[in-house]
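Naming: A, B, ... by sequence-line order, numbering from 1 per chain.
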Amino acid sequence: SGSSSSSSSSSDSGSTATFKLGGIGPVTGAAAIYGTACKNGAQIAVDEIKAAGGDVIFDFNFQDDEHDPEKSVNAYNNLKDWGMQILTGPTTTAPCVAVSAETNSDNMFELTPSASSTDVIGGQPDADGNVSTPRKSNVFQMCFTDPNQGTASAKYIKEQSLGTKIAIIYNNSDTYSTGIFKKFTSEAQAQGLEIVSTTSFTDDTATDFSVQLNDAKNNGADLLFIPIYYTPASLILKQADTMGYKPKFFGVDGLDGLLTLEGFDTSLAEGVMLLTPFTADATDSATQSFVSTYKKDYDGTPNQFAADSYDCVYAIKQAIEKAGITADMTYTDICDKLVAAFTASDFKFDGLTGTGMTWSDTGEVSKDPKGMVIKDGAYVSM
Amino acid sequence: MSMLNVDDISVYYGNIRAVKGISFTVEEGEIVTLVGANGAGKSTTLNTIAGLLKPKHGRVEFEGENLASAKAHDIVRKGIALCPEGRRVFLQMSVRENLEMGAFTRDDSEAKETIETVFERFPRLKERENQSAGTLSGGEQQMLAMGRALMSKPRLLMLDEPSMGLAPILVEEIFDIIDELHKSGTTVLLVEQNAQMALSIADRAYVLETGTVSMSGTAAELANDDRVRKAYLGG
Amino acid sequence: MDFLTNLINGISLGSIYAIIALGYTMVYGIAKMLNFAHGDVIMVGAYICFCAMGYLGLSPILAVLLSIVGCTVLGIVIERLAYKPLRNAPSLDVLITAIGVSYFLENAALLIWKSDPKSFTSVVDLPSLSLFDGQLVISGVTMVTVLACVVIMIALTTFTTKSKQGKAMRACSEDQGAARLMGINVDSTISLTFAIGSGLAAIAGVLLCSAYPTLTPTTGLMPGIKAFVAAVLGGIGSIPGAVLGGVLLGIIEIFAKAYIGTQMSDAVVFAVLIIALLIKPSGLLGKQIKEKV
Amino acid sequence: MTMFKSMSKSARSTFTTYAMVVVAYVIVQILANGGMITNSLTGQLVPICAYICLAVSLNLVVGISGELSLGHAGFMSVGAFAGVVAAACFSSSVPNDALRLILSIAVGGGCAAIAGFVVGIPVMRLHGDYLAIVTLAFGEIIKNIMNNLYVGLDSAGLHFSMTDANSLGMSGGTILINGPQGAVGIEKLSTFFAGFILVIFCLFVVLNLIHSRSGRAIMAVRDNRIAAESVGINVTKYRLMAFVISAALAGMAGALYAMNYSSIVPKKFDFNTSILILVFVVLGGMGNIRGSVISATILTILPEMLRAISDYRMLIYAIVLILVMLVSNNPTLKGAWANLRSRLRGRRGRPKVAAAEAAGDAPEGGDSDE
Amino acid sequence: MSRVSEALKPNTKMVPLPSDYIVPERDVNEIPVLECRHLGIDFGGLHAVEDFNLTVGKTEIAGLIGPNGAGKTTVFNLLTKVYAPTRGTIMLDGQDTAGMSISRASQAGIARTFQNIRLFSSLSVEDNVRIGLHNQVHCGMMPGIFRTPRYWKSEREFHEKSLELLDVFDMSSYAGITAGSLPYGAQRRLEIVRALATNPKLLLLDEPAAGMNPSETADLMQNILKIRDQFKISVMLIEHDMDLVMGICEGIAVLNYGKIIAKGTPEQIQENPQVIEAYLGKSREA
Ligand SMILES: Nc1ncnc2c1ncn2[C@@H]1O[C@H](COP(=O)(O)OP(=O)(O)OP(=O)(O)O)[C@@H](O)[C@H]1O
Ligand SMILES: Nc1ncnc2c1ncn2[C@@H]1O[C@H](COP(=O)(O)OP(=O)(O)OP(=O)(O)O)[C@@H](O)[C@H]1O
Ligand SMILES: [Mg+2]
Ligand SMILES: [Mg+2]
């Protein structure tokens, strides 16, 4: 595991004691890429912080949940036994919804890097304006919420007049994808966009997309909205290319990772647009140093999950420092103070995935989505 | 030197000792029969010689060679064939294919001729040549099993209750065939419920009781022995 | 034209299921075991090929050959270590062991090749066939897959019905004890079965990933299960049945998505399977083996 | 102890099973009250109970009735979602938590039984691997339906839709099941005590069934279908009976499971979960109910115990699975184990019938226990 | 082996009878237990059984013999509804069995044993018999699960009746043993006990003496006679052991290539040249 614990630094001033920071996500099973990215991203932040030698340092323990809510709750309990004081995670939505209920009843502070459903934070109205799950006041998100991305995408497409006839392919067995899809369709209607084809797939049928693509093509779609992860997206691009169908592709943050997919012919992704807060080839020094450390330590290019997770650690650090929290406090005390710190009006966080990030007491992050387009195998701001 | 020499073998099923130190010999050209009640260990003994079971103690020698390390399929090549209890023909294969399997260790062209001789012996099989063995009647399957064992042209043929479930006329025929085989030089080790028939054809016999040899002698001696008559010959 | 396009897509998907199903049915029909690890051998085959081309820079042909050899060896090793000691065990125990092997391969692959997906470069470098002014496109991989499928089917059928080793396999599948008495080396025969099955898995893996180019440690899972379904649909142990079942499954899957809707397509595919089995309880080409009373 | 000795073999085995469960429950409760068990274990108590029920119920189909079922998670899923909906519906009318839980579990079981019946009718025409495939298919169909099922509750009652939440036509109220997002905001009604009671209930149903006329008929069909028919047993009826009871118990377990978490998604109840339950059954021993209880417990805890070795966790789990199978089927070890058992039994003064039988002698004394 | 005592034979008025009775002298006014008319079945092109006409009277012991593959087992399978006949009718105690399932046929009063033993081998001997008693003692699923008084009553009844039946074959001492681990001969006997437990009118035995040695066979013969006398049922048996067939059967039908080639008393059959030629062989001639 990623516990780089060296508790030898038990100096007399209580403030330099380590905080026990837990992380949860899938590092085995079909969703292992996401959990592994989160684990690595956070680990880099933890190591950097330690190397920098400030007052706030973390002991980090990341547990596998196999993308399964039950296992995720188990992992959470396991971390509690370890003595966790703050949780960053879980990575994926369904497990995170289950775990957040536990942290809420325990009053453990939880900042998820990437679980984007509104059910994670609670208190959000559904389509009818009903609030089915009350707000879990201890839970915050580093990523956009699904509806947020749906709305933003529809608006963006309208504003930039990217397409007139829109086709959607979404993952019907995935909470993340359906969440964005639902909000996108209602927002598109409001914006007066024409949706000509809506098709879906499931994790079990995520190999062949010929039918979905044909449907879009036959209905004359000129823009294909794909609120899905990059693995199936790469297949869609390949198959569209094979059948000679060339619409504009528009995706969301899940699409990040496409360019670094090993062996992927990036020319297929030429012109693909996506809304994402992070790209690995951004030129700012923070991103570049993160990317190079990641490459060095983990032999690969970090995606948005890793960046979100990295940001989580620093955001927590910043809040700890701001609220003057010490590691000898109980986790409930820490939680109360962190919640206060995060929702304070003057709390602003600059990270890899955005600058000037703030959190409202709904738990949602406010940061600007960046519209990106892939040109010559690299992301370019739109 | 005897052709087959079984020396004090013990065989276990799990922790049940089914054969408890059996010894006997078979000379080249003989018919030897093992008689005994149900569960005496006759089949277990034959299966052990054929290599399907391994003895825990004791040794089996064929023509002076210890079979301890030989696998069942090697033993066939050495010239021993077993026609097992309960027929065990390949139900989904045709009659012809079953016979071909019997000649697995031999050349295909030679096997063809042997098949014809088997068909001559069992015309019923010829009639059912392409029928799958699973649909044959019990007796037909028994004929097939025997025919299949003959296909490897064994020097020692072991038959485990070949007359079981056969019509009287066929029982006679089976014994005629055994006799013929014997005359043509094949050595036969026969296990039979039908002790009367078995003793009438055999040279020597061993009586097995709960895993041990309780009596042995020439077939004629045993057939006249009172105890044997009472227990196995029904009177 | 739509119909034709869908049909072609169905056949293209189905022929991949068919190749996987052939390997399944081999092992299933002869060793009488549900080798749930078959899908994972496919994945390993694809990874070997990927690495051979990507890291060793081998030509596609050599990479495929290496992958076949690698999987064949893997198949034999798995058989020797995990399945052979269970020759006389109840079939469900073997099934659980196969599941264990499947977990093992998946997690070992995760450790070796990491969780991030690889994009597989097609080993088939044939141009697509374009018909009716480009309205109907048949990709090179599809053509190769269909061809491979037919060739393998014919080769396997001939092998099992005509050759001596093939017949020995059938004998083993029925009664291993009796097969031993025929002088058949049951252990090596079953090893041979696994070798062939795993070699086919390598081919299937390479073709699967050539057509659908993402490769992760769980790539083989779903196609494996689908192919298993296809093998049963066609009739367990029947070689032409596996091909028929695979192709049909592919066509049904595509048609269900195209004409009934993408959301419920899984349910439709499986419903069709159930109906087919209710009409023909032993699969499309399976022999109805009635137990003689 | 004398009473124990005077019981028949099967009664003694049944008694041991119940005693084991009760003792385990009591020990855990005592430790928990003393704060001596970890959060990790505490969190697993209810799922362990649910898995025990699932394993026991699947054993009824796989071990007792002799059919391989690969879709058990489907029934768990039906029970889970039905239970969640029921709990929401009863939330105002039944204020008592325990009663509401019982009602919800009953509804979950009932719905799963109906699903089992609907699935069972076609399934019972098939045998062997073909049957296994069809159960797998039904499991997938149920999952696919659940992925597209939307259920909402408002003042007008329940609303159902198979397209999306908007088409539910709700006025206010809450969406209970939201397609692939599943059910969220579930009230956590399940407790370890409830799980314990459900385990006892499942054991009660299955063990009693086995030792009744119906249970014997089910086992007769397993051992020899044609012989069972020829003594006048309606084969379809008894196979279906086992299947439906098993589905009902799985549904109850599903409801218990669901109400232990604040949210559940249809994806949880997939093929892998069906396989997991099957692994419990096979490892515990086919038809061995006590074995199912033990193996479900151990195999649920095992992956958590292995957390210390992080990355190699699932790899080790796989190896353990394979090794258990290899070891338990090793003839030498099996023989040694049987030896040990018969020796132990011999010491207890039991007549060693088996050995005498094997030798073909009729036993001298009677051995009838009842 | 002693012949069946005259007293055992039904002492009704003897009149000449239709030719398909095996035993030449029978009371026509009594409904026979079994009456087959023009029964036949084809497997593909094979006429496995053809134009099979046979009548078995109450408490009669009838033998069905014939070469291997003649169709004897197939006749049993037709009678017990394992196969549906291609042609012809089967009347059981005056009731047409057309369209019945195997289990319905059992309930209608026909029981059998199998050429290859088919026990519930993982269950105890007593449980095997209890399963045979399935339709004799009733207790539904719910009373069974919830152990109502009805359950306890039925279990007591099961227990008593099964021990009673096992006693007929001196097998009650085996009651607790797993059926599969019984010695071969005992397994055969248990199959008969289980068949008897279904309270049949007609008991079909398929090669009951196969694999038995002469002394065991002699015991079996006594037992078959005992069953008939005690339970007042008819028995029809297939057997290749001529000592047994000739010893206890009152009438014998000989089947060859699916057709009946001879019918009559053991004496008549033994002398029938066709039967000798096709089945008995030369050694029987003497
Ligand atoms: N597979 C087995 N597992 C356990 N015990 C067995 C097995 N096969 C045979 N036995 C036991 O071994 C002993 C010897 O059996 P074997 O089959 O050799 O006897 P047999 O003399 O051939 O009898 P039969 O005349 O019935 O064929 C018997 O007590 C039998 O119960
Ligand atoms: N299900 C079936 N399909 C095809 N042929 C069959 C089937 N059942 C039986 N037969 C054929 O019918 C014929 C009669 O078989 P049956 O089993 O009735 O013979 P039998 O008289 O009982 O012989 P045995 O004394 O050897 O048991 C045989 O030739 C057999 O091959
Ligand atoms: Mg024997
Ligand atoms: Mg017969």
Working to the nearest 0.5 angstrom, can you tell me the gap between D:R225 CZ and E:F120 CZ? 12.0 Å
Crowding at NZ, E:K153 (>12 non-hydrogen neighbours, <6.0 Å): no
Validation row, ring centre E:H134 to ring centre D:Y238 under 6.0 Å: yes
Hey, what do you get for CG (D:N224) to CD1 (E:I117), rounding to the nearest 0.5 Å? 11.5 Å
Any donor-acceptor pair under 3.5 Å linking the side-chain atoms of D:R222 with those of E:S122? yes
Between E:Y151 and D:H211 the two heavy atoms that sit nearest each other are OH-O, 2.8 Å
A quick test of your reading: do over 12 heavy atoms of other residues, nucleotides or ligands sit less than 6.0 Å from CZ of D:F117? no
Distance in Å, D:S212 OG paired with E:F146 CZ, rounded so as to fall on 0.5 Å steps: 11.5 Å
State whether the side chain of E:S106 and the backbone N or O of D:G232 hold a donor-acceptor pair below 3.5 Å, judged by distance alone. yes
Closest non-hydrogen atom pair between D:R213 and E:V137, with its separation: NE-O, 3.0 Å
What part of D:I210 gets within 4.5 angstrom of chain E, counting heavy atoms only: side chain, backbone, both, or neither? neither
Output the distance between atom CD1 (D:I226) and atom CZ (E:R118), rounded to the nearest 0.5 Å. 4.5 Å
Top residue by heavy-atom pair count (under 4.5 Å) with chain D, among E:K81, E:R104, E:H138? E:H138
Let me confirm one number: the CZ-OG distance from E:F76 to D:S230, rounded to the nearest 0.5 Å. 12.5 Å
Any idea which of E:T198, E:T178, E:I145 has the most non-hydrogen atom pairs under 4.5 angstrom with chain D? E:I145
Matching residue for D:D223 among E:D127, E:L119, E:L123, E:I131 - test: side-chain contact (heavy atoms from CB on, under 4.5 Å): E:L123
Which bit of E:Y184 is near chain D, if near means a heavy-atom gap under 4.5 Å: side chain, backbone, both or neither? neither
Under the side-chain contact (heavy atoms from CB on, under 4.5 Å) criterion, do E:R147 and D:N208 qualify, and how do the steps go? CA-CA 8 Å; E:R147 303 245 154 142; D:N208 283 358; 3.3 Å; yes
Cationic N near anionic O, under 4.0 Å, E:R112 to D:E229: no
